[in-house]
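Step one of this worksheet: look at the structure below.
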Amino acid sequence: MDLTLQFLRLVTVDGQVLASYPVSTALNGPGEQDGSGCTPRGKHYIRARIGAGLPAGTVFRGRRPTGEIYSPGLAREHPGRDWILTRILWLCGCEWGKNRGPGVDTFRRFIYIHGTPDSEPMGVPLSHGCVRMRNAHILELFERVDPGAVVYIH
């Protein structure tokens, strides 16, 4: 994943690009510190896949479906909510002291790759640290990756 270009690429172990998706990462830019609101860099892996089988637009809070399906009306009822929709790929850092461990732990910071309302812009850093994707794209990516898949963020 390239923070500068705001793109996520799905790549085989031999470097073949299978898919490329526009994303939106942290408004606060790159960084690993707890509470920074930044997107952590380095080598990560997918620790958990959440939301399999649920409808597109499913709303999550605390990684649990709320029973709601996102709509503009729901958004008007909850202005300012950071919408986590459709699927969650929960990331875990692999580099002790950089993105794993005290003060910098990606997993404990609850950093995900997740869906967001289609009205939100892609290619522009606007998140609170997570990687936001279009709902159709997160659905596609979710079906193509397994827990343990490596994610490089640079």
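By convention here, the first residue in the shown sequence is residue 1.
- Atoms CZ and CD1, on Arg63 and Ile50 in that order, are 6.5 Å from each other to the nearest 0.5 Å.
- Remark: Arg134 engages Asp118, Met122, His137 in a side-chain contact (heavy atoms from CB on, under 4.5 Å) (not counting sequence neighbours).
- Considering only residues two or more places apart in sequence or on other chains, Thr25 meets the side chain to side chain donor-acceptor pair (under 3.5 Å) condition with Gln6.
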Show me the donor-acceptor pairs, under 3.5 Å and distance only, between side chains in residues 140-154 and residues at least two apart or in other chains.
| residue | atom | partner | partner atom | Å |
| --- | --- | --- | --- | --- |
| Glu140 | OE2 | Tyr21 | OH | 2.6 |
| Glu140 | OE2 | Arg144 | NH1 | 3.4 |

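- When every heavy atom of Gly57 is checked against every heavy atom of Leu85, the shortest pair comes out as O-CD2, 4.0 Å.
- In terms of the side-chain contact (heavy atoms from CB on, under 4.5 Å) criterion, residue partners of Pro55 (sequence neighbours excluded) are, by chain and number, Thr58, Ile69.
- Taken to the nearest 0.5 Å, the CZ atom of Arg87 stands 9.5 Å off from the CG atom of Asn135.
- We find the CZ-SG distance between Arg108 and Cys92 to be 9.5 Å, quoted to the nearest 0.5 Å.
- With sequence neighbours excluded, the residues that form a side-chain contact (heavy atoms from CB on, under 4.5 Å) with Ser71 are Leu74.
- A 6.0 Å sphere centred on CZ of Arg9 holds more than 12 heavy atoms belonging to other residues, nucleotides or ligands.
- Using a 4.5 Å cut-off between side-chain heavy atoms of Ile, Leu, Val, Met, Phe, Trp and Tyr, with links allowed through other members, Tyr45 and Phe107 fall into different hydrophobic clusters.
- Residues forming a side chain to side chain donor-acceptor pair (under 3.5 Å) with Thr106 (at least two apart in sequence, or on another chain): His44.
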*Residue pair Asn99, Asp105: steps toward the side-chain contact (heavy atoms from CB on, under 4.5 Å) verdict*: CA-CA 5 Å; Asn99 57 28; Asp105 201 283; over 6 Å; no
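- Remark: Arg41 pairs with Glu32 by the salt bridge (charged side-chain N to carboxylate O under 4.0 Å, His left out) rule, at least two apart or across chains.
- To the nearest 0.5 Å, the span separating OG on Ser127 from CD on Glu120 amounts to 10.5 Å.
- Residue Lys98 qualifies as enclosed at atom NZ: its count of foreign heavy atoms under 6.0 Å is above 12.
- Nearest heavy-atom pair, Cys130 versus Ile111, reported as atom, atom and distance to 0.1 Å: SG-CA, 4.0 Å.
- Hydrophobic side-chain contacts under 4.5 Å tie Leu126 into a cluster, directly or through other members, with Leu27, Val124.
- Every residue two or more places apart in sequence or in another chain that forms a side-chain contact (heavy atoms from CB on, under 4.5 Å) with Thr4 is listed here: Asp2.
- Taken together through direct or relayed side-chain contacts under 4.5 Å among Ile, Leu, Val, Met, Phe, Trp and Tyr, Val23 and Leu91 form part of one hydrophobic cluster.
- Partners of Tyr70 under the side chain to side chain donor-acceptor pair (under 3.5 Å) rule, at least two apart in sequence or in another chain, do not exist in this structure.
- The nearest pair of heavy atoms linking Phe60 to Gly51 is CZ-CA, 3.8 Å.
- The ring-ring contact (aromatic ring centres under 6.0 Å, His included) check on Phe110 picks up Trp90, with sequence neighbours excluded.
- How far CG of Leu89 is from OH of Tyr112: 11.5 Å, rounded to the nearest 0.5 Å.
- Taken from CD1 in Ile113 to CZ in Arg49, the straight-line distance is 12.0 Å, to the nearest 0.5 Å.
- The minimum heavy-atom distance linking Ala26 with Gly37 is given by the pair CB-O, 3.2 Å.
- The minimum heavy-atom distance linking Ala75 with Trp83 is given by the pair CA-CZ2, 3.6 Å.
- In plain terms, the two heavy atoms of Pro30 and Cys38 that are nearest each other are C-CB, 3.6 Å.
- Among residues two or more places apart in sequence or in another chain, the salt bridge (charged side-chain N to carboxylate O under 4.0 Å, His left out) test is passed with Arg81 by Glu68.
- Residues Ile46 and Leu10 fall within the same hydrophobic cluster, defined by Ile, Leu, Val, Met, Phe, Trp and Tyr side chains chained together at heavy-atom separations under 4.5 Å.
- Residue Leu18 is not grouped with residue Leu139 when hydrophobic side chains (ILVMFWY) are merged at heavy-atom distances under 4.5 angstrom, including chains of intermediate members.
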